[in-house]
Amino acid sequence: MDNRALSQVLGEIADLLEIRGDNAFKIRAYRTAAETLATWPQAVAQLNEPQLRSIPGIGKDLAARVRELAETGTCAYHKELLEQFPPTILDLLRLQGVGPKTVAMLHATLNVKSIDDLAAAAKAGKLKGLKGMGAKKEAQILASIEERAKDSGRHLLSDTAATAASLVDFLHVHDRDVELIPVGSLRRGRDTCGDIDILAVGGQPGLMDALISHPHVERVLGQGDTKSSVLLRGGYQADLRLVPPESRGAAMQYFTGSKAHNINVRDRAVQLGFKLNEYGLFRVDDDSRVAGETEEGIYRALGMDWIEPELRENRGEVEAARAGTLPKVITLADLRGDLHMHTTETDGKDDLEAMAQAAQRLGREYIAITDHSQALAMANGLDEKRAVAHAARVRALNGRFANLTLLAGIECDILSDGRLDLSDDCLAQLDIVVASIHSNFSQESPQMTDRILRAIENPWVDVLGHPTGRRLLQRDPLKFDMSAVMDSVSRHGVTLEINCQVERLDLNDSHARAARERGIPLVISTDAHSVNALSRLQWGVQVARRAWVQAGDVINTRPIDEMRARLRRNRRA
DNA sequence: GCCGTTTTCGGCCCGACTGTTTTCAGTCG
């Protein structure tokens with residue numbers, strides 16, 4: 001069992017305990033353990049009991065549950081809870097505005113067991129009239145069910161990548177020599193992925209049996225000599241295709257997509273008297289093979305430069321590839337610093353020194369410590385006095401970590417009316433201010449637009465953090481006029497963030513591209529709340545690459561002095 | 001269920017907002 005699978009079971013136990021109305025601190029213990037294990041750097045299933053107990057938040061009981069899961073693949077306690085509530089009831093908790101109490105009440109009174117049950121009850125008007133429910137609540141529930149339906153069957157990019165990687169590892173045990181290449185939306189780096197497509201170059205048909213024997217396979221959707229599909233635990237569909245070496249490039253090109261990109265490329269092939277399919281590029285008149293072993297060969301034969309997978313969305317890349325004007329997109333190695341992270345001073349899991357040490361180990365040249373401001377009371381946000389004192393502690397660490405500079409910043413809340421949560425006087429004393437929205441998400445567009453514009457006008461705002469507030473597969477972006485906001489940040493020299501939290505990836509690719517085209521500076525930051533999360537920069541880079549972003553567009557690719565000179569507070573004439 | 005130079009019990013970040021109420025329960029982060 002990998003760490004994510006273990007973490008998922010513990011998380012489900014927490015959810016079920018919550019629905020059952022169990023002890024809140026016990027629930028929290030399971031929840032924090034789930035979070036810790038999900039990103040733990042070692043394979044947790046390989047650890048023995050004392051090693052497990054040395055992990056913070058894992059005690060006697062949780063260590064035993066983890067050992068049980070590692071050894072048997074299941075856990076009696078989890079099963080016992082699932083006998084009280086069907087597993088589909090957990091989906092209800094993911095609905096915006098529906099929590100454990102509501103789920104328990106709906107289950108007890110209307111025998112609601114799934115999202116479908118709830119939708120039917122809401123449509124029949126059975127919710128209003130129940131304790132604590134009115135017409136508004138019923139409408140809100142229906143709306144969030146609709147929001148969810150849009151995303152059904154999709155998964156976060158990072159989860160998909162991890163699942164694909166574990167599948168590849170598993171298949172390699174059965175055939176060490178086969179080359180396994182994940183393609184599809186995963187290779188294109190989309191923020192969410194529908195299914196997992198893996199090419200097996202030069203593999204033997206026995207590989208199909210191996211796939212089907214994977215312990216996470218719930219159902220075999222189809223099995224043939226060259227293609228098999230399975231449904232994995234967690235709702236992933238995975239397709240494995242055997243490809244002969246001479247078709248390697250053609251298959252990669254074909255199965256990486258996107259569909260729209262491929263249509264455009266095939267159209268180009270037809271114009272030139274070729275036929276392009278997953279086996280190769282062929283001349284129409286005599287069916288002779290022109291290319292197919294490599295993607296480069298195919299694109300070259302079509303008079304194009306090779307196109308980075310992230311760009312293959314038919315957003316002008318085919319034309320640019322023909323003209324030789326494709327961008328040299330940013331890579332992870334281009335980034336020198338990280339300008340958004342939290343510590344135990346507010347809601348981070350690791351303290352200032354630990355974060356600095358980890359950043360140094362990762363080779364960052366500079367980091368900004370940006371803990372929360374006072375409006376986020378539940379995160380123990382900083383008031384002005386604490387903000388200034390915390391900044392002093394951050395600056396005092398400079399010199400302690402070779403080749404790492406620490407900047408004292410804050411992630412300051414944008415209040416409902418657009419004022420900032422701390423005074424200008426306080427913000428002026430810091431090195432960087434990231435301004436973000438964490439409350440009142442449901443304002444209508446005019447009000448929300450005014451709110452953000454007002455915040456941007458504050459002279460001490462350097463960066464707009466996770467600008468659209470979306471949470472992938474959970475919450476739609478805030479409603480506001482993005483174009484007006486981009487005009488304003490452009491005028492005021494404010495930087496827009498690409499936030500690397502895997503469920504945010506905010507800005508998204510198309511907004512980031514629009515920003516880049518307007519010359520708006522970007523920053524790619526982790527928003528890490530723990531040491532482990534500091535390595536998350538790759539996901540933001542993925543978004544940036546899809547947005548045609550080049551190293552020069554991103555301020556944290558610069559050496560520290562140049563980066564600081566680009567911050568709004570240091571740009572005043 | 002975890003944790004502990006206040007350690008084997010008794011703590012465990014908690015305020016804002018919404019929709020339902022007539023003083024509050026539930027959700028969010």
Side-chain angles (χ1 to χ4, degrees), chain A residues 9-11 13-37 49 52-66 68 75 77-78 81 92-106 108 127-144 342-349 351 371-383 386 411 413-417 419 421 436-444 447 451 465-466 469-471 474-476 478 499 501 503-504 527 529:
Chain A
V9 175
L10 298 182
I13 292 176
D15 286 343
L16 291 161
L17 290 172
E18 211 166 9
I19 293 171
R20 197 166 77 168
D22 220 299
N23 179 297
F25 299 108
K26 180 174 171 180
I27 294 164
R28 188 192 293 173
Y30 275 95
R31 186 96 57 213
T32 45
E35 281 166 18
T36 306
L37 297 191
E49 167 127 12
L52 284 170
R53 295 197 60 177
S54 70
I55 297 175
I58 306 289
K60 181 161 105 17
D61 290 31
L62 274 161
R65 303 247 188 265
V66 170
E68 187 187 356
C75 156
Y77 190 48
H78 184 228
L81 286 164
L92 296 172
L93 287 176
R94 303 290 164 278
L95 293 172
Q96 202 67 26
V98 177
K101 295 287 192 312
T102 310
V103 170
M105 188 270 290
L106 291 168
L127 299 188
K128 49 177 180 276
L130 293 177
K131 188 169 71 74
M133 294 265 172
K136 272 195 183 169
K137 196 83 197 172
E138 191 171 83
Q140 186 193 60
I141 286 175
L142 270 173
S144 43
H342 300 265
T343 71
T344 46
E345 183 66 18
T346 60
D347 62 349
K349 279 204 197 119
D351 66 21
D371 271 302
H372 287 292
S373 63
Q374 57 192 359
L376 271 192
M378 69 248 177
N380 190 23
L382 306 175
D383 59 21
R386 285 178 60 212
E411 183 181 19
D413 259 55
I414 299 173
L415 304 176
S416 290
D417 60 1
R419 278 179 304 124
D421 190 26
S436 309
I437 289 183
H438 294 113
S439 63
N440 244 337
F441 301 113
S442 52
Q443 286 175 338
E444 289 305 318
Q447 202 182 351
R451 177 182 183 183
H466 45 74
R470 72 168 178 177
R471 294 182 83 87
Q474 292 177 50
R475 184 173 72 210
D476 280 353
L478 306 170
N499 185 294
Q501 284 195 31
E503 71 283 0
R504 289 194 187 272
D527 195 358
H529 285 66

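Not measured: the values here are computed from a predicted model. Here is the naming used below: chain letters follow the sequence lines, and residue numbers restart at 1 for every chain.
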**Student:** A:Phe25 CZ to B:dG1 C1': how many Å, rounded?
**Tutor:**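 Result: 11 Å.
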**Student:** By side-chain hydrogen bond (donor to acceptor under 3.5 Å, both in side chains), which residues pair with A:Ser439, not counting sequence neighbours?
**Tutor:**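 For A:Ser439, the residues satisfying side-chain hydrogen bond (donor to acceptor under 3.5 Å, both in side chains) (neighbours in sequence not counted) are A:Arg451.
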**Student:** Whether A:Arg31 contacts B:dG1 is assessed here as follows: a side-chain N or O lying under 4.0 Å from the phosphate OP1 or OP2. Is that the case?
**Tutor:**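 So the side chain of A:Arg31 is outside the cut-off, no N or O lying under 4.0 Å from OP1 or OP2 of B:dG1.
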**Student:** How close or far is atom P of B:dC2 from atom CG of A:Leu62, stated in whole angstroms?
**Tutor:**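 Taking atom P of B:dC2 as the reference, CG of A:Leu62 is at 5 Å.
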**Student:** A:Arg53 near the nucleic acid: base, sugar-phosphate alone, or nothing, with a heavy-atom cut-off under 4.0 Å?
**Tutor:**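 No contact.
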**Student:** B:dC13 and B:dC2: how far apart are their C1' atoms, nearest whole angstrom?
**Tutor:**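 The answer is 16 Å between these two C1' atoms.
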**Student:** Can any side-chain N or O of A:Asn499 pair as donor or acceptor with the backbone N or O of A:Arg504 at less than 3.5 Å?
**Tutor:**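 Checking the backbone N and O of A:Arg504 against the side chain of A:Asn499, no donor-acceptor pair under 3.5 Å is found.
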**Student:** Under the salt bridge (charged side-chain N to carboxylate O under 4.0 Å, His left out) test, which residues partner A:Glu345, sequence neighbours left out?
**Tutor:**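 Here the qualifying residues are A:Arg386, A:Arg393.
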**Student:** In whole Å, measure the gap between the C1' atoms of B:dT18 and B:dT22 for me.
**Tutor:**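 Rounded to whole Å, the distance is 16 Å.
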**Student:** Whole Å only: how far is the OH atom of A:Tyr30 from the P atom of B:dC2?
**Tutor:**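 Distance, rounded to whole Å: 7 Å.
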**Student:** Tell me every residue that passes side-chain hydrogen bond (donor to acceptor under 3.5 Å, both in side chains) with A:Asp22, counting only those two or more places apart in sequence or in another chain.
**Tutor:**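 Scan of A:Asp22 (side-chain hydrogen bond (donor to acceptor under 3.5 Å, both in side chains), adjacent residues dropped) gives A:Arg20.
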**Student:** Taking atom C1' in both B:dC9 and B:dT20, compute the distance separating them and give it to the nearest angstrom.
**Tutor:**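 Pairwise C1' distance, B:dC9 against B:dT20, rounds to 39 Å.
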**Student:** When the P atoms of B:dG15 and B:dG10 are considered, how many whole Å apart are they?
**Tutor:**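 So the two P atoms sit 24 Å from each other.
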**Student:** Could you work out the separation of B:dG26 and B:dC14 based on their C1' atoms and round it to a whole Å?
**Tutor:**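 To the nearest whole Å, 15 Å.
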**Student:** Is a side-chain N or O of A:Asp383 found less than 3.5 angstrom from the main chain of A:Gln374, in a donor-acceptor match?
**Tutor:**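 Looks like no, no N/O pair under 3.5 Å.
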**Student:** Return the value, rounded to whole Å, for the distance between atom CD1 of A:Ile141 and atom P of B:dT18.
**Tutor:**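 So the CD1-P distance, A:Ile141 to B:dT18, works out to 17 Å.
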**Student:** Roughly how many Å apart are B:dG11 and B:dT6, using the C1' atom of each and rounding to a whole number?
**Tutor:**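 Taking atom C1' in both B:dT6 and B:dG11, they lie 12 Å apart.
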**Student:** Can you run through DNA chain B from 5' to 3' and write each base as (, ), [, ], | or . depending on how it pairs? Watson-Crick or G-U wobble, both distances under 3.5 Å.
**Tutor:** ((((....))))..(((((....))))).
**Student:** 5'-most contact on DNA chain B: A:Arg471 or A:Ile55, nearest heavy atom basis?
**Tutor:**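 Mapping each residue to its closest nucleotide by heavy atoms, the 5'-most match is A:Ile55.
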**Student:** Which heavy-atom pair separates A:Ala33 from A:Leu10 by the least distance, and what is that distance?
**Tutor:**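 So the two residues come closest at CB-CD1, 4.3 Å.
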**Student:** What's the CE-P distance between A:Met133 and B:dT21, to the nearest Å?
**Tutor:**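 To the nearest whole Å, that distance equals 11 Å.
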**Student:** Roughly how far apart are A:Leu130 CG and A:Lys137 NZ, rounded to 0.5 Å?
**Tutor:**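 NZ of A:Lys137 is found 12.5 Å from CG of A:Leu130.
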**Student:** Assign A:Ala64 to base, sugar-phosphate, or nothing according to its heavy-atom contacts below 4.0 angstrom with the strands shown.
**Tutor:**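 If one applies the 4.0 Å heavy-atom cut-off, A:Ala64 turns out to touch nothing in the nucleic acid.
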**Student:** Base contacts versus sugar-phosphate-only contacts with protein, heavy atoms under 4.0 Å: please encode nucleotides 4-9 of chain B as B, S and - from 5' to 3'.
**Tutor:** ------
**Student:** Write down the distance between CG (A:Leu376) and C1' (B:dC17), rounded to a whole number of angstrom.
**Tutor:**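 My rounded result for the distance is 13 Å.
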**Student:** Hey, is the main chain of A:Phe25 close enough, under 3.5 Å, to the side chain of A:Asn23 for a donor-acceptor pair?
**Tutor:**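 It does hold such a pair.
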**Student:** Is a side-chain N or O of A:Arg53 found less than 3.5 angstrom from the main chain of A:Ile58, in a donor-acceptor match?
**Tutor:**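 Checked: no pair found.
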**Student:** Would you mind reading off the distance between A:Lys349 atom NZ and B:dC3 atom P, rounded to a whole angstrom?
**Tutor:**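 Distance, rounded to whole Å: 14 Å.
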**Student:** Base, sugar-phosphate or nothing for A:Ile27? Non-hydrogen atoms, less than 4.0 Å.
**Tutor:**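 Counting heavy atoms under 4.0 Å across all strands, no contact is made by A:Ile27.
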**Student:** Check the angle between the aromatic planes of A:His529 and A:His342 and answer parallel, tilted or perpendicular using the 30° and 60° thresholds.
**Tutor:**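 Rings of A:His529 and A:His342: parallel, under 30°.
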**Student:** Taking atom types as modelled, is there a side-chain donor on A:Glu411 or A:His466 under 3.5 Å from an acceptor on the other?
**Tutor:**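 Yes, side-chain donor-acceptor contact under 3.5 Å.
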**Student:** With distance as the sole test, does A:Asp371 use its side chain to make a donor-acceptor pair with the main-chain N or O of A:Thr343 at under 3.5 Å?
**Tutor:**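 Checking the backbone N and O of A:Thr343 against the side chain of A:Asp371, a donor-acceptor pair under 3.5 Å is found.
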**Student:** Would you kindly give the CD-to-P distance between A:Glu35 and B:dC13, to the nearest whole Å?
**Tutor:**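 So the CD-P distance, A:Glu35 to B:dC13, works out to 13 Å.
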**Student:** How far, in whole Å, is B:dC17 from B:dT23 if one measures between their C1' atoms?
**Tutor:**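 Looking at atom C1' only, B:dT23 and B:dC17 are 16 Å apart.
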**Student:** Of the nucleotides B:dC12, B:dC17, B:dG1, which one has an atom closest to the side chain of A:Ala29?
**Tutor:**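 Among B:dC12, B:dC17, B:dG1, the one nearest the side chain of A:Ala29 is B:dG1.
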**Student:** Would you list the protein and nucleotides 25-28 of chain B atom pairs, both N or O, that sit under 3.5 Å from each other?
**Tutor:**
unit_1 : atom_1 : unit_2   : atom_2 : d
B:dG26 : O3'    : A:Thr102 : OG1    : 3.1
B:dT27 : OP1    : A:Gly99  : N      : 2.5
B:dT27 : OP1    : A:Gly99  : O      : 2.9
B:dT27 : OP1    : A:Thr102 : N      : 3.1
B:dT27 : OP1    : A:Thr102 : OG1    : 2.3
B:dT27 : OP2    : A:Lys101 : N      : 3.2
B:dT27 : O5'    : A:Gly99  : N      : 3.4
B:dC28 : OP1    : A:Gly97  : N      : 2.6

**Student:** Starting at the 5' end of DNA chain B and moving along, which residue's nearest nucleotide shows up first, A:Thr346 or A:Asn23?
**Tutor:**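 The 5'-side residue here is A:Asn23.
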**Student:** Remember a base hit wins even if backbone is also touched, and classify A:Asn440 as base, sugar-phosphate or nothing at under 4.0 Å, heavy atoms.
**Tutor:**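 Sugar-phosphate only.
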**Student:** Compare every heavy atom of A:His438 with every heavy atom of A:Asp413, then report the nearest pair and how far apart it is.
**Tutor:**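 Minimum heavy-atom separation between A:Asp413 and A:His438: OD1-ND1, 2.8 Å.
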